[in-house]
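This report refers to the structure that appears directly beneath it.
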Amino acid sequence: MSNQPIQNQHEEAYVSLMRGFRELDLRGPCVPSDLVLIGDHAFPLAMNSRGQVLMAASLYGHGRIVVLGHEGYLKAFPALVENALTWLRGDGSDNPSVGVHNNVKDVVTNLSTSCFQAEVVGAFSPHMRIGVYVTDAYSVGADQKELVAFMKAGGGVLIAGQAWSWAADHPKENTLLQFDGNKVSGVAGIYFSEHYGEAENIPIYPQIPSSLMAVVIGKDFEDDLEFLLQGIAEFDIRGNLIASEVLVHSPLAFPIGTTDDGRAFLAGAYYGQGRVIVVTHEGLLGNEKLAPMWNNALHWLDEGRNGEVGVVLDSAFKNLSKLGFKCKKTDFKKDLSVFVCTAYSDKYADEIQEFVAEGGGLLIGGHAWYWAQTHHGQNPLTDFSGNKILNKMGLSLMPATIENGLYKAPVPSQAIKDTYHFRHLLRRFAGHVTAGEELSEHEKECLKKLGKDCATYLHMKAHDCSSYTQVVSTLTNIIKKSEMPQVSDSCPVKSPRDHLLLSVGTEVYKVCPDPDALLPYLIKDNPLLPVVYNNRIRINVNTAGEEWLSTGLYLCPGMKTYMAMPAKIVNKGWQIQIGCQTDRLDADELKRAPCVHERFPITSEMMQVWNLWGGLLYLVVPPKTQVKEVEVTVQMAVPAPYYKSGVTTAADWSLLRSAPSPWAELEFDNIILTVPSDVVRNLERPDELASLWNDIMKGVADLAVIPHKFPRKERFVTDVQISCGWMHAGYPIMAHKASAAELVSIAHAKTEGLWGPIHELGHNQQRACWEFPSHTTECTCNLWSVYVHEEVLGINRAKAHPAMTLVERKSRAEKYAKGGKNLNSWSMWVALETYMQLQEKFGWDAFKKVFAAYHKMSNSPSDNKGKMNLYAETFSQTVGMNLAGFFKAWGWPIETATEEKLSKLPAWTDHPMAQYN
């Protein structure tokens, strides 16, 4: 799957508009406005060395607009005006008629030798039969709605002017919304700002210009925050709801409510001539404590129209109706002043965006974390309904959550300085990297967050959006100038700056226009390894859950390969995965990048795939999938040391174990071990190791009372760093690289044992019905460790782990009993002693019968107390003895009803805890 950016219509438009120009000399009497660009369709035409945009273009509806930062440019650059008119009249139009406002009538003279028929008019009229309308930014007046409708229907608008002098004369007015020219150009995402633009001799580049300096905020928002936060000292978002974090990324978007560390849960933005506010849980719209905030918000969104407020959500309607607005319970309709909705439907996404662009207000509530948890393999930034509405407006709901709490409202005059803002800090960091600008301590503290936010933002993959490509370009230049840290076990990343570069480098590589050119800046040591061509992988699968199929192949960092897929598995939920280390890291010290694997949905019969970090190559099979006798062909890859029981012969292995991939896999009957190749280079007899692991896995199955053939082979993957603990359970079970040699050593297993690995395999056998979290989470998995060591490996429990000696066990039980048998202390090793006492009295067979009994149960309790009573009852019935007294002696909350059920059984009175009664 190629992720090359779309060669979009903006680039073609730019080439057309700037045809014939190598430079634009803007030096002279004209002092232009700096133009602010937002949305998906606005793009710069001329950008100075400070990153200020002095000319821009955009699309709106079926039409087009070109904006020049000073009306003098209409006269100074006749060839540019002619290019603009050609583009503005549209690809399929041959209408030569151009309406030119009287204030810029010089344009007509300049067009006298062109193919256009220009006529001077006093004002715009929708009845004129023209293809393009030319005006200055001061003469829009009452024509604005007709002019926007003309553009939306397919007309072209050329508008020129500056807003800094108007802003000086109207210090209390909102330039973005009130300046005449913005009432038309702003709808298409281009605003004349109150800031001067630096006039220079600007070179014209072959592509749309971009600059490290251009990632700026378009407004200081102090007046907006003053209005919105009037009478608001804090935000009370306590309660039983979980809000998402919102990423604030447009030049005209700003955070309103944030946590103490700068994560936003309430934010606003300008979009076109309208405004939007997002709150990251819809339940907060019905929160009466926040009513003063919603009162201010609706006034800000309504902009004095006193229009109708349409509300979708019942709780919000009830809360907002009390505030005195003209609220109506309704779905979206165009004649509203403000629309209040949730983020869970994109049914009216296009209409809502148009509604806001043309002056409407939007108040939207919702979170993305639950959607992300329930839509694995989908991209929350692009696929979640709320973001289909909000992304263009410069706000995106993220899967990250916000802690419930009481948060102080920002001080408006300090907001930009003190509050984290994605664009502001990105601009500051770019200056730090390229020009050595010093960052404040607060800014340094925010760099790790900036790295995560950049990575999230890049997931939008909005290649046809100019502001997105601007950020991509900025980040690409930052990486090239600063070079990514070469992270490793011996060279860990600790500083916030390096954290940021590592997070960003990984993601920029996926979306930048030329990843091959960026690769040497990201990975310095990338030796070429020998490859095999057109390797065929035969597939026979019958899956219960999602399963990784090993290919025995490896891709080097950045190495691309094509894969030919059988039609049977295309668009059926299958994926290609590169990299076995799927843990996402969030640590202060990193020994590898936070995410080093990549997945591609299989959507066509020929796929091109690659991953910055390289890795072993897998096919990921969806649950409940049956496919027989099909083949996948991998065009080019590096062979890995890959042993598969029953397939790989001794002769095969003698060659394969020296295969060049740095990672190896050993696939046995019920388990697959993924380890550094170094630890298998000297493995002479993988068949003997297979026999050992087959016995271990049979032992695991025997205690769990499940068939010897696992429905899905367990996987162990070793890594330089994992997300938590020394090892952790799951698919795959993750372990540190240091454990790899022990996993493939028969001698080590039979003398020292494998407590940790079997502990994790035990975790994967735990079942909620007989688990009592958090007491037994790290306890009952050890039943498998004890069982396998004694019954399979022949290692006594006292030798298998230092915590299992008789002295240690007796000491723990005694301390627990004398401490008052407090269930809060009944966990891990202490809890294990309860089970060990049962095992030593009744044997392993009793446990097997208990587990078997649970397999047949349904509707077991969900609370710990209920589950503990059921366990005491089940174990007692299984062994034919009343164990209520024993469990009570351990502090279990045994109910009278349970004791009555067991009263006819003989009581176990001489149990080990009786001595402490």
Side-chain angles (χ1 to χ4, degrees), residues 1-7 377 379 382 455 458-461 463 472 475-476 479-480 484 486-487 501-537 548-565 569-570 574-584 592-620 632-640 642 659-663 665 674 717 719:
M1 181 184 125
S2 170
N3 66 357
Q4 290 292 336
I6 303 158
Q7 282 305 307
N379 181 347
T382 54
L458 293 174
H459 289 167
M460 281 171 48
K461 297 184 178 174
H463 296 293
V472 172
L475 293 171
T476 304
I479 294 292
K480 285 182 175 178
M484 200 162 76
Q486 300 301 293
V487 64
L501 292 169
L502 199 54
S503 295
V504 166
T506 304
E507 298 302 328
V508 168
Y509 177 76
K510 296 176 191 177
V511 297
C512 70
D514 190 354
D516 292 341
L518 190 60
L519 186 62
Y521 294 93
L522 300 172
I523 295 178
K524 297 291 184 192
D525 184 21
N526 193 10
L528 286 172
L529 299 179
V531 297
V532 289
Y533 292 95
N534 298 324
N535 199 284
R536 294 172 187 274
I537 293 112
W548 303 1
L549 288 188
S550 303
T551 63
L553 299 170
Y554 169 85
L555 295 181
C556 296
M559 178 179 172
K560 295 177 180 175
T561 193
Y562 283 96
M563 294 177 70
M565 302 293 165
I569 72 171
V570 174
W574 288 58
Q575 297 176 85
I576 297 159
Q577 178 174 301
I578 307 167
C580 54
Q581 288 88 357
T582 51
D583 262 10
R584 290 181 181 269
R592 67 155 169 86
C595 179
V596 292
H597 76 288
E598 189 66 51
R599 277 191 174 186
F600 300 87
I602 296 175
T603 53
S604 65
E605 290 184 38
M606 186 61 74
M607 305 271 299
Q608 189 184 34
V609 296
W610 68 89
N611 177 21
L612 170 62
W613 303 103
L616 290 170
L617 186 64
Y618 300 91
L619 293 164
V620 181
V632 167
T633 305
V634 181
Q635 172 224 8
M636 177 178 75
V638 176
Y642 174 49
S661 157
W663 291 97
E665 288 201 317
T674 308
V717 170
D719 195 357

Just how far is it from atom [atom1] of [X] to atom [atom2] of [Y], taken to the nearest 0.5 Å?
X	Y	atom1	atom2	answer
Trp663	Thr674	CH2	OG1	8.5 Å
Ser661	Tyr642	OG	OH	13.0 Å
Leu612	Leu518	CG	CG	8.5 Å
Met607	Thr561	CE	OG1	12.0 Å
Glu598	Ile576	CD	CD1	11.0 Å
Met484	Leu501	CE	CG	8.5 Å

Sub-4.5 Å side-chain heavy-atom contact between [X] and [Y]:
X	Y	answer
Leu619	Ile602	yes
Tyr554	Leu529	yes
Leu555	Val638	no
Asp583	Val717	no
Asp516	Lys560	yes
Phe600	Ile578	yes
Thr582	Trp548	yes
Leu549	Ile537	no

Minimum heavy-atom separation for [X] and [Y], please, with both atom names.
X	Y	value
Pro639	Leu553	CA-CD2, 4.3 Å
Val596	Asn611	O-ND2, 2.9 Å
Thr382	Met460	CG2-O, 3.2 Å
Leu519	Pro557	CD2-O, 3.9 Å

Please list, chain by chain and in numerical order, all residues satisfying side chain to side chain contact (heavy atoms under 4.5 Å, CB included) with [X], sequence neighbours excluded.
X	result
Val487	Val493, Leu502
Pro520	none
Ala517	Asp514
Gln486	Lys524

Identify, with sequence neighbours excluded, every residue that meets side-chain hydrogen bond (donor to acceptor under 3.5 Å, both in side chains) alongside [X].
X	value
Glu507	His459, Lys510
Ser503	none
Thr506	Trp613
Gln575	none

- prompt: Under the side chain to side chain donor-acceptor pair (under 3.5 Å) rule, what pairs show up with a residue in residues 525-535, not counting sequence neighbours?
  reply: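 Applying side chain to side chain donor-acceptor pair (under 3.5 Å) to every pair that reaches into residues 525-535, excluding sequence neighbours, yields nothing.
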
Identified side-chain hydrogen bond (donor to acceptor under 3.5 Å, both in side chains) partner of Tyr618 from the options Glu665, Gln577, His597, Arg599: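 Single side-chain hydrogen bond (donor to acceptor under 3.5 Å, both in side chains) partner of Tyr618 among Glu665, Gln577, His597, Arg599: Glu665.
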
field: All salt bridge (charged side-chain N to carboxylate O under 4.0 Å, His left out) counterparts of Arg584, not counting sequence neighbours
entry: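 Salt bridge (charged side-chain N to carboxylate O under 4.0 Å, His left out) list for Arg584, sorted by chain: empty.
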
- prompt: Does any N or O in the side chain of Ser604 come within less than 3.5 Å of the main-chain N or O of Met606, such that one atom is a donor and the other an acceptor?
  reply: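 Checked: pair present.
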
query: Would you say Thr551's side chain and Leu617's backbone share a donor-acceptor pair under 3.5 angstrom?
result: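 Indeed, once roles are kept as given, a pair shorter than 3.5 Å links the two residues.
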
Any residue meeting ring-ring contact (aromatic ring centres under 6.0 Å, His included) with Tyr521, in chain and number order, not counting sequence neighbours: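 Listed in chain order: nothing, the list is empty.
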
task: Hey, could you give me each pair passing salt bridge (charged side-chain N to carboxylate O under 4.0 Å, His left out) that has a residue in residues 527-537? Not counting sequence neighbours.
output: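 Counting only pairs at least two positions apart or across chains, the salt bridge (charged side-chain N to carboxylate O under 4.0 Å, His left out) contacts touching residues 527-537 are Arg536-Glu631.
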
